[in-house]
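Have a look at the structure below, then the notes.
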Amino acid sequence: MRIGDAAAAAGTTPRALRFYEERGLLPPPRRTATGQRAYGPEEVARVRVVRELLALGLTVEDLRSVADRIGLLVENPRRPCENADSDVPGSGVVDRRLAALDAEIDRLTRLRTRLALRTYGSRDDPSWPAGSVPRS
């Protein structure tokens with residue numbers, strides 16, 4: 001199928017397919033006699049996996065470091081993301097992303113608490129909104 005059809009089947013745009021190819025997340029597709037990209041079901045499935053992983057908070061750079069293993073999730077979408085050997089480039093990608101997300105949640109929680117305290121004063125103040133209990 002042509003790039004527009006493949007993009008639609010994967011829920012994305014032709015531009016995104018070209019971007020994934022440029023970044024090494026999608027192998028270069030075969031070309032038609034006229035030089036147009038031709039995609040099959042395998043490539044569409046891979047794009048779907050890439051989009052799912054990006055939606056889960058991984059970055060393009062995260063995925064680049066494990067691009068050779070994306071095919072494993074295409075073959076078995078329920079496959080757990082196991083930690084690889086620490087010697088292998090890209091190992092620990094999920095752990096690092098989870099740690100970054102945890103750090104961002106902590107930062108936002110502290111920011112929320114500071115804003116609530118600045119706005120409403122003491123937590124013991126009766127004007128403190130019931131739904132705005134700060135998290136420690």
Side-chain angles (χ1 to χ4, degrees):
M1 71 184 85
R2 295 167 93 170
I3 192 167
D5 296 328
T12 192
T13 64
R15 184 175 181 193
L17 292 187
R18 288 187 209 96
F19 176 78
Y20 298 155
E21 182 184 341
E22 289 169 7
R23 296 294 188 263
L25 305 181
L26 185 63
R30 57 187 174 77
R31 300 280 182 152
T32 66
T34 59
Q36 294 181 332
R37 290 170 170 88
Y39 296 90
E42 299 82 20
E43 289 86 3
V44 170
R46 185 178 179 98
V47 172
R48 286 181 181 144
V49 167
V50 166
R51 289 178 47 80
E52 177 188 7
L53 294 172
L54 291 171
L56 288 171
L58 295 173
T59 66
V60 169
E61 286 305 312
D62 291 336
L63 296 183
R64 277 186 71 171
S65 69
V66 294
D68 60 322
R69 292 179 256 166
I70 293 173
L72 297 173
L73 290 174
V74 173
E75 293 168 10
N76 180 3
R78 293 206 161 297
R79 179 187 185 99
C81 295
E82 301 166 351
N83 286 335
D85 297 330
S86 59
D87 298 345
V88 176
S91 65
V93 166
V94 172
D95 289 338
R96 283 192 301 276
R97 184 56 50 203
L98 287 171
L101 288 170
D102 287 341
E104 183 67 3
I105 289 167
D106 289 344
R107 184 188 73 78
L108 290 170
T109 300
R110 286 191 309 275
L111 181 64
R112 180 192 181 283
T113 300
R114 285 183 19 228
L115 177 60
L117 287 170
R118 176 78 167 111
T119 303
Y120 301 111
S122 168
R123 295 177 195 179
D124 299 326
D125 188 322
S127 67
W128 190 277
S132 293
V133 177
R135 299 171 197 123
S136 311

**Report entry** Counterpart residues, side-chain hydrogen bond (donor to acceptor under 3.5 Å, both in side chains), relative to R23 (two or more places apart)
**Finding:** none

Report task. State the CG-CZ distance between L115 and R110, to the nearest 0.5 angstrom. Result -> 14.5 Å

Report task. Could I get the full list of salt bridge (charged side-chain N to carboxylate O under 4.0 Å, His left out) partners for E22, not counting sequence neighbours? Result -> none

Report task. Name all residues meeting the side-chain contact (heavy atoms from CB on, under 4.5 Å) criterion together with T59; count only those two or more places apart in sequence or in a different chain, and write none if there are none. Result -> E61, D62, R97

Query raised in the report: Can you tell me how far the CG atom of L98 sits from the CG atom of L58, to the nearest 0.5 Å?
Result: 8.5 Å

For residues 6-20, which side-chain donor-acceptor pairs fall under 3.5 Å, sequence neighbours excluded?
| residue | atom | partner | partner atom | Å |
| --- | --- | --- | --- | --- |
| T12 | OG1 | R51 | NH1 | 3.4 |
| T13 | OG1 | A16 | N | 3.0 |

Query raised in the report: How many angstroms lie between OG1 in T119 and CZ in R114, if you round to the nearest 0.5 Å?
Result: 11.5 Å

Requested in this report: For G24 and A67, work out which heavy atoms get closest and say how close.
Outcome: O-CB, 3.4 Å

Report summary line: Sorted by chain and residue number, the side-chain hydrogen bond (donor to acceptor under 3.5 Å, both in side chains) partners of E52 (sequence neighbours excluded) come out as none

Query - Flag, side chain of E75 to backbone of L72, donor-acceptor distance under 3.5 Å - result: no

Requested in this report: Not counting sequence neighbours, list each pair that qualifies as a side-chain hydrogen bond (donor to acceptor under 3.5 Å, both in side chains) and has a residue in residues 28-41.
Outcome: R2-Q36, E21-R37, T32-T34

Report summary line: When rounded to the nearest 0.5 Å, the distance separating CG of L108 from CG of L101 is 10.5 Å

Query - Which atom of R46 lies closest to which atom of G71, heavy atoms considered - result: NH1-N, 3.5 Å

